[in-house]
Amino acid sequence: DDASMEDILGGFDDDAGDAAEDTDSDDDAGSEMDNILDGFDDDDELPVSDNTEAEPQADRAWDLQGDLSFGLSASLHDHDSSTGTDYSGLQRFRTKLALQLDIDLPKKWKFRASGYGFYDLAYVINGRHEYTRDVLDTYEYDLQLTDTYVEGSLHENVDLKVGRQVVNWGRSETIRVLDIINPIDNREPGLVDIEDSRRSVGMARLGFFHGPWTLTVLAIPEIRYDLTPVQGSDFWPNIDDFIPTDPVAFLDSLSPKTGQIATDLFAIPADEFANPTTKTGKDFGKSTEAAVNLTGVFSGWDISLQAALFNNDSPHFDVKDGRFEHARLWMVGAGANYTVGSWLFKAELAFTEGLEFLWATDKKSRVDAMAGIEYYGISDVNIVFEIAERHI
């Protein structure tokens, strides 16, 4: 009621001296007020129930995470592969498990191990006897060790990362110009984004930092190549489409040197030419790859310079040896980004030397140029336009 509230608030309108003089007379009201406001001013004295009190826990030194995914695809167009397999209807019913383990090591070093495995039930549903052995080995199941490395600081401005990893120095979302370090999983062309298709490669990565500049040096002893479609899959072309209907007229239209290559090619049995996965190539695959990158990051823009000595992840067919081989290449390039508001402008330029082709009698060089624009002005939307020119 009004009377008791006045007693509770009594003395708030008086000055400090009056309040001191009335202390004795206001003991009852003060005690009641203390009871009402008990505990609000002293956090240390807040009561804690026994069932909520817990000892402080130290941060966990490891972390395990993963995901389980399902992939389903079907073909609406009735068609067969080059080996006669019916590829209409259900083509993929894949279950995939991916795991990643992170462990904190002494002196702020870190260890990561990750990998995945999948099994595709579509081949059992459709009948495994309908597919070639190469198709079943490539598409039915797989087990891969992906990013697995140790990283840490050797010095205040020096970092080291050793193990399987992905390094992308390119700026393009879809076109590979400077992105040449890691091979890609291209078993299903176009169905997987480049970001998710890069294959981890074992390497030593050393980084030096000074102001806005970063110098990165790579030594890559593990040689891995692109995973490509195999004979009998839905993505392997019919080799007969590449053989001229009139070989004599075709040979007459070629130069004598190229005509001899064609003659040697037609003498190779079709089953030997059909499947590149059975070819071992030369000893280029045993050669360590190396690359270096210098990047400067500034307000609103950045620039980078690259150089690399590496093996072509895509093979060429050597008619003389009768097998697929991977050419030894070297590349120099540059890239840049520039931002204006919600717009990002980007460009890449690369010169590659040492390319080899089936019909070529000597090594070739290539100039690649990429230009792109990205817009980020719409929430949760990224619009990208890119175009590239490749000149051999």
> Hey, does L344 have a side-chain heavy atom less than 4.5 Å from the side chain of N337?
Replying inline: yes
>> Please identify which of these residues, D147, D102, D104, D63, meets the salt bridge (Lys or Arg N to Asp or Glu O under 4.0 Å) condition with R112.
In response: D102
> Side chains of R164 and R224: closer than 4.5 Å at any heavy-atom pair?
Replying inline: yes
Contacts under 3.5 angstrom, residues 347-355 side chains, donor-acceptor by atom type, not counting sequence neighbours:
residue, atom, partner, partner atom, Å
E348, OE1, L178, N, 3.1
E348, OE2, R171, N, 2.4
E348, OE2, S172, N, 2.9

> Between the side chains of T146 and S114, is a donor N or O closer than 3.5 angstrom to an acceptor N or O?
Replying inline: yes
> Are L72 and L68 in one and the same hydrophobic cluster, where Ile, Leu, Val, Met, Phe, Trp and Tyr link if side-chain heavy atoms are under 4.5 Å apart?
Replying inline: no
>> Counting C-beta onward and ignoring hydrogens, is there a side-chain heavy-atom pair between H210 and N157 closer than 4.5 Å?
In response: no
>> Any non-hydrogen side-chain atom of E188 less than 4.5 Å from a side-chain atom of R92?
In response: yes
>> Tell me whether the NZ or CZ atom of R60 lies within the 45° cone about the ring axis of W62 and under 6.0 Å from its centre.
In response: yes
> Under 6.0 Å from the CG atom of D380, do we count more than 12 heavy atoms belonging to anything else shown?
Replying inline: no
>> Does R198 form a salt bridge (charged side-chain N to carboxylate O under 4.0 Å, His left out) with D179? I'd like the steps, not just the answer.
In response: CA-CA 10 Å; R198 295 186 183 93; D179 179 21; 2.9 Å; yes
> Are V167 and L329 in one and the same hydrophobic cluster, where Ile, Leu, Val, Met, Phe, Trp and Tyr link if side-chain heavy atoms are under 4.5 Å apart?
Replying inline: yes
